[in-house]
Each structure stands twice: as structure tokens, then as C-alpha cells.
Amino acid sequence: MPAPEVRVTSEPFDAAREEALLIEGRRDIGALVSFTGLCRDEAGTLDALELEHYPGMAEQEIAAVAGEALARWPLQGLTIIHRYGLIRPGEKIVLVVVAASHRGEAFQAAEFLMDFLKTRAPFWKKEHRADGRPGDWVEAKACDDEAADRWSQNRS
Amino acid sequence: MRAVYFASVRERIGVTEEDIDPPAEVATVAQLIDWLAGRGEGYAAAFANSKTIRAAIDKAHARPDSPISAAREVAFFPPMTGG
């Protein structure tokens, strides 16, 4: 397959356009799974999320996770985009698009990629509250670690 | 070596990055965290719950027992919350 497309950017992205680019001119792809993570307004209390990242390490870690997915499943295309900077409710934060022959590996690889992006990619979210009070850093969730761990347990 | 800080660690220490020169007996990531925590109030607050602090050496994830002798850049940050 072509090299995975990995982008860490402050710019908005167009998920439909990224999907179209991945399958353009291809006749061998049978399944395309796309996941988009968005900024929620948390019942109206959130004005924005500020995403901080570690430049250099973020790109390297995402590329490493992409490499692991390619080693586990016979994928035919892969795009991962992660934004940083100020992101408002309704805006997109992260995109994973996986192309494969069959849906099984495409679904699994997309879930694997998201589980590992959550726990390994160096990004941190700070809340900007709608009421103007100082916001907190979003805390990492134990369930995200558990979700990532199950892939090593499942490895046969 | 260069120390770089992110998110809540950066906010508590008050700087994004700095050059540090730990003594020779500071050999691992965990020992470096202990040494940094003794540098002042902000550092102590940043590293108060040192079990939750993650580190990277030259932009690769490191463990508490990872040696720092060859490191050019050591980063400290809370658990990641991307995605």
C-alpha cells in the first residue's frame, strides 16, 4: 500500500475529501472505515478546547502507531489527521480513515488506531469554559488505557 | 540537557523549556523527576504526584527507570488526552 498519510495540523480538515483522496483511482479496495472525533459542547458549558501537542513527537508517535496497524492487518490505505490549537464545539479534532479489502480488518484497524492515539500520542486538552471561569485540563481516563491494553492481550 | 514541559506540568513550572545540568548521580527518569521537584515550589507542585507524570527522551516514550545519560531532550507531561 502507499505510505500512510499522517498530518498534525492546526487547520480544519474535510473528512469526505480525505476519504475520496484515499480511494481515488483505486479498484482494489473493498472497505473504507472512517472515524471522526469532534469537540463536544458538554451541555453548553464548553466554549472551546485548546489542544496542546509535542511537535515532532506527535508526528513520530502517530507514524509508529500507523506502522503497527500495517503490521497487524493487510491494509490498502491509511490517513490519520490530528489537530492542535483552539477547537470549538462542533469542529473536528481527529480523523482516521482505513482502507482494506474487507470490513473486518478495516473496522479493527480503525479502533486499534484510535485506542493508541488516545493513550500514546502526545496531545493534551484544556477546557475553555463558556462562563469565563478558568477551565481544567481534561484528565486521562483509565478506560482508554484498558481499551489500548486489550490489543496486546488479543495479540495471537 | 534540555528539559521541556507540557500541559499542567508546564503551567505549574512556568516555563516551556530550559537547559538543566543535573549532577552525575541523577541517572534515570525517576531520579531526574525527584531532582527537578527539589528546584522550587512550582517544580514541587508539578511533580507532586510523580506516578502520573509521563516522560519522553528525545521524543520517544520513556519509563521511570530509563537512563538519561545520552538524552539531549527530556520531556515531562501528564497522561495524554488526544484523540
Side-chain angles (χ1 to χ4, degrees), chain A residues 6 8 35-40 49-65 80-85 87 92-96 110-127 134-148, chain B residues 1-20 28-30 32-33 36-37 41-83:
Chain A
V6 170
V8 175
F35 172 82
T36 302
L38 300 113
C39 177
R40 292 185 300 263
L49 279 178
E50 189 164 357
L51 268 96
E52 183 170 336
H53 77 303
Y54 187 174
M57 184 176 174
E59 290 84 349
Q60 280 180 43
E61 281 297 316
I62 295 175
V65 171
I80 305 174
I81 301 173
H82 204 305
R83 287 178 65 195
Y84 61 87
I87 297 178
K92 302 179 186 88
I93 299 173
V94 63
L95 175 71
V96 167
E111 203 167 4
F112 169 90
L113 286 161
M114 281 310 304
D115 286 344
F116 276 81
L117 286 180
K118 284 243 166 215
T119 53
R120 264 183 46 183
F123 291 87
W124 303 273
K125 293 179 179 133
K126 183 161 195 173
E127 295 174 335
D136 292 322
W137 290 96
V138 174
E139 288 209 26
K141 295 189 192 80
C143 60
D144 287 335
D145 284 324
E146 287 156 18
Chain B
M1 69 185 66
R2 197 103 185 124
V4 296
Y5 311 113
F6 291 97
S8 55
V9 174
R10 170 181 55 73
E11 279 187 344
R12 285 178 185 142
I13 290 174
V15 297
T16 303
E17 56 181 70
E18 61 183 332
D19 286 318
I20 55 170
T28 66
V29 165
L32 184 58
I33 286 175
L36 284 167
E41 214 171 285
Y43 293 89
F47 295 112
N49 198 355
S50 62
K51 280 202 180 70
T52 67
I53 299 296
R54 307 291 174 88
I57 294 176
D58 295 328
K59 298 188 168 72
H61 286 294
R63 296 186 325 201
D65 62 353
S66 297
I68 58 165
S69 57
R72 281 164 294 144
E73 181 175 286
V74 184
F76 298 97
F77 40 78
M80 289 70 72
T81 55

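Please read these numbers as outputs of a predicted model, since none were measured by experiment. Numbers restart at 1 for each chain; the letters A, B, ... are given by sequence-line order, proteins then strands.
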Is the number of heavy atoms from other residues, nucleotides or ligands under 6.0 Å of B/Glu18 CD greater than 12? yes

Taking CZ in B/Arg63 as the centre, count heavy atoms belonging to other residues, nucleotides or ligands within less than 6.0 Å. Is the count above 12? no

Heavy-atom distance under 4.5 Å between the side chains of B/His61 and A/Met57, does that happen here? yes

Identify which part of A/Lys126 has an atom lying under 4.5 Å from any heavy atom of chain B, answering side chain, backbone, both or neither. side chain

Given the options A/Trp124, A/Phe123, A/Trp137, B/Thr81 meets side-chain contact (heavy atoms from CB on, under 4.5 Å) only with A/Trp124

Proximal to chain A - members of residues 50-58 of chain B, heavy-atom separation under 4.5 Å: B/Arg54, B/Ala56

Would the distance check show the side chain of B/Lys59 and the main-chain N or O of A/Glu61 forming a donor-acceptor pair, the cut-off being under 3.5 Å? no

Non-hydrogen atoms of chain B under 4.5 Å away: do they reach the side chain of A/Arg83, the backbone, both or neither? neither

Would you mind checking which part of A/Glu50 comes under 4.5 Å of any heavy atom in chain B, side chain (CB onward), backbone (N, CA, C, O), both or neither? neither

